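Following: one structure in structure tokens, then a few remarks.
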Amino acid sequence: MFGNIRKALSAPNAMTVTLAAAGILMVTMGTRQSLGLFVAPINAASDIGIVAISLALAIGQFSWGLAQPFAGLLSDRYGPGKVLVFGLLLLALGSALAPFMLSGFGLIVSLGLFMAIGSGIGGFSVLIGATAQRIPAEARGPASGVINAGGSLGQFIGAPIFQALIQAIGWIGALWAMAFISLSALPLINRLTGARTIHTHPQNLTPADSFAKTICGALANPNYFLLNLGFFTCGFHIAFLVTHLPGEVSLCGLPASVASGALAIIGLSNIFGSLYAGQCVARYRSKYILAVMYASRALLIIGYLLLPKTDWTFYIFAAGLGFTWLATVPPTAAIVGKLFSLRYLATLFGISMLSHQVGGFFGAYLGGVAMAEWGNLDAMWYADIALAAFASLVNLPIREPQVKS
């Protein structure tokens, strides 16, 4: 697998650009995917309440998605460099301010807006769009897998690091460390943006005309609608788990280390899942890849509910889920690229990510509501099964061009 990836990224600058994008995503995803570890410490240190904290993180899920199409538009129009610098600075600011804004509204501003928007600006849409415009067509599928794996690596190393920091220096110190780590990605921006852009768009269209026609055509396209509908349920699933898996572990009477370990395993497993998905995109229709991924999630959750709740149950469950966790990104981006032009891939995929994060808002918030109302997450697990099965089915009718052999 790794040999095939090296071969696909052997073109000049392809590996450098791809690894730089993966490194930036490692930081932005590693920080935001670890926020669930802070729910219990913040709840214990304040009278904010689990519902208000969940609401702040749910708004963060939505803000992260909402930032992506606008960041993609700015990147497509003016280049990704300054956009990414602003995003990383905003991410660091939100992390650093959170301990000073210890109220429901304060957490919404610091974590739900500043940090989430900053992470979204440095997210998939800008990074995949910028990379796709700087590498050959045959390298784009494997490159998207490598970039996605970078985000998974961030979760793999971020969850245990931040859990250890919370235990060693407290949750306030851990958030300040998160701000410092966010700034460490700034030097990678030059590596990403320094390569020559090789993708061009037709000269007989002005940028404004091309943008308007492409976006309006996409929003009226039923295939794009079905793709985003499935991606909505993906966001519900991921946000629910990343926010409330620590709470589920606690309900089962297991230590917090099991939660951080499970989140790390999800990240590790998704490294391999993302790389494999990137290669599958070059061989199979992406809609079938997505259908299989979503169906596997429904089966894994059913298995989890039937098994005794031990630490190994969580670790095995995490490994299975992790393989498809964010591996949905390469095939989703591939379908967007096939249906429309690469010129505005960052914007169009940003809209898809917004749909993903609308689902994420409901997954994060309703999990907190379920905990407050019933003291458990049973209803959320059943909803997750139904939505995963639904996502599997809605991808099948998409009229995706065949993969060229």
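Here, residue 1 is the first one in the sequence, and each next residue gets the next number. Quick caveat, the model's predicted, so the values are computed rather than measured.
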Supply the atom-to-atom distance [X] [atom1] to [Y] [atom2], rounded to the nearest 0.5 angstrom.
X: T131; Y: I128; atom1: OG1; atom2: CD1; answer: 7.5 Å
X: L348; Y: N221; atom1: CG; atom2: CG; answer: 10.5 Å
X: N223; Y: I335; atom1: CG; atom2: CD1; answer: 9.0 Å
X: Q68; Y: T347; atom1: CD; atom2: OG1; answer: 11.0 Å
X: H237; Y: W325; atom1: NE2; atom2: CH2; answer: 5.5 Å
X: N228; Y: L219; atom1: CG; atom2: CG; answer: 9.0 Å

Name all pairs fulfilling the side chain to side chain donor-acceptor pair (under 3.5 Å) condition that reach into [range], sequence neighbours left out, sorted by first residue then second.
range: residues 43-59; answer: none
range: residues 311-323; answer: T310-T313
range: residues 262-272; answer: S152-N270, N270-S274
range: residues 159-171; answer: none

Could you tell me which non-hydrogen atom of [X] sits nearest to which non-hydrogen atom of [Y], and how far apart they are?
X: T243; Y: P246; result: O-CD, 3.9 Å
X: W374; Y: A379; result: CZ3-CB, 4.1 Å
X: A143; Y: I135; result: CB-CD1, 3.5 Å
X: A334; Y: S286; result: CB-OG, 3.6 Å
X: S257; Y: S260; result: O-OG, 3.1 Å
X: I166; Y: L37; result: CD1-O, 3.8 Å

Check residues 174-188 and write down every donor-acceptor pair under 3.5 Å in which the side-chain atom is one partner and the other belongs to a residue at least two apart or another chain.
unit_1 : atom_1 : unit_2 : atom_2 : d
W176   : NE1    : A96    : O      : 3.2
S182   : OG     : M178   : O      : 2.8
S184   : OG     : I181   : O      : 2.4

>> For a side-chain contact (heavy atoms from CB on, under 4.5 Å) check, start with the C-alpha distance between I189 and L88, then their side-chain angles and the critical distance, and finish with the verdict.
In response: CA-CA 10 Å; I189 296 174; L88 290 175; 3.9 Å; yes
Would you confirm whether [X], through its side chain, and [Y], through its main-chain N or O, come within 3.5 Å as a donor-acceptor pair?
X: K287; Y: N395; value: no
X: R297; Y: T324; value: yes
X: K309; Y: C252; value: no
X: R283; Y: Q279; value: no
X: S75; Y: A71; value: no

Practice prompt. Kindly indicate, with the supporting measurements, whether the criterion ring-ring contact (aromatic ring centres under 6.0 Å, His included) is fulfilled by Y224 and F340.
Written response: CA-CA 10 Å; Y224 190 55; F340 312 106; 5.4 Å; yes
Sequence neighbours excluded, the answer for side-chain contact (heavy atoms from CB on, under 4.5 Å) partners of F232 is S355, V358, F362
The side-chain contact (heavy atoms from CB on, under 4.5 Å) partners of S119 (sequence neighbours excluded) come to T28, R32, W64, L91
* May I have the step-by-step check of side-chain contact (heavy atoms from CB on, under 4.5 Å) for M380 and H244, ending in yes or no? => CA-CA 10 Å; M380 292 296 293; H244 296 291; over 6 Å; no
Evaluate the side-chain proximity of [Y] to [X]: yes if any heavy-atom separation is below 4.5 Å, no if none is.
X: Q61; Y: Y365; value: no
X: Y294; Y: V394; value: no
X: R285; Y: I398; value: no
X: M115; Y: L90; value: no
X: L192; Y: L127; value: yes

State which residues pass ring pair (Phe, Tyr, Trp, His ring centres under 6.0 Å) with [X]; sequence neighbours excluded, sorted by chain then number.
X: Y288; answer: none
X: W381; answer: F240, Y304, F317
X: F124; answer: none

Pairs under 3.5 angstrom only: tabulate donor-acceptor contacts from the side chains of residues 102-113 to other protein residues two or more places apart or in another chain.
unit_1 : atom_1 : unit_2 : atom_2 : d
S103   : OG     : G106   : N      : 3.0
S110   : OG     : G106   : O      : 2.9

Tell me, with the steps shown, if Y382 and L305 meet side-chain contact (heavy atoms from CB on, under 4.5 Å). CA-CA 9 Å; Y382 296 134; L305 293 177; 3.7 Å; yes
Kindly determine whether M371 and L377 satisfy side-chain contact (heavy atoms from CB on, under 4.5 Å), including the steps that lead there.
CA-CA 6 Å; M371 286 287 289; L377 296 168; 3.5 Å; yes
Could you tabulate the donor-acceptor pairs under 3.5 Å formed by side-chain atoms of residues 78-85, not counting sequence neighbours?
none

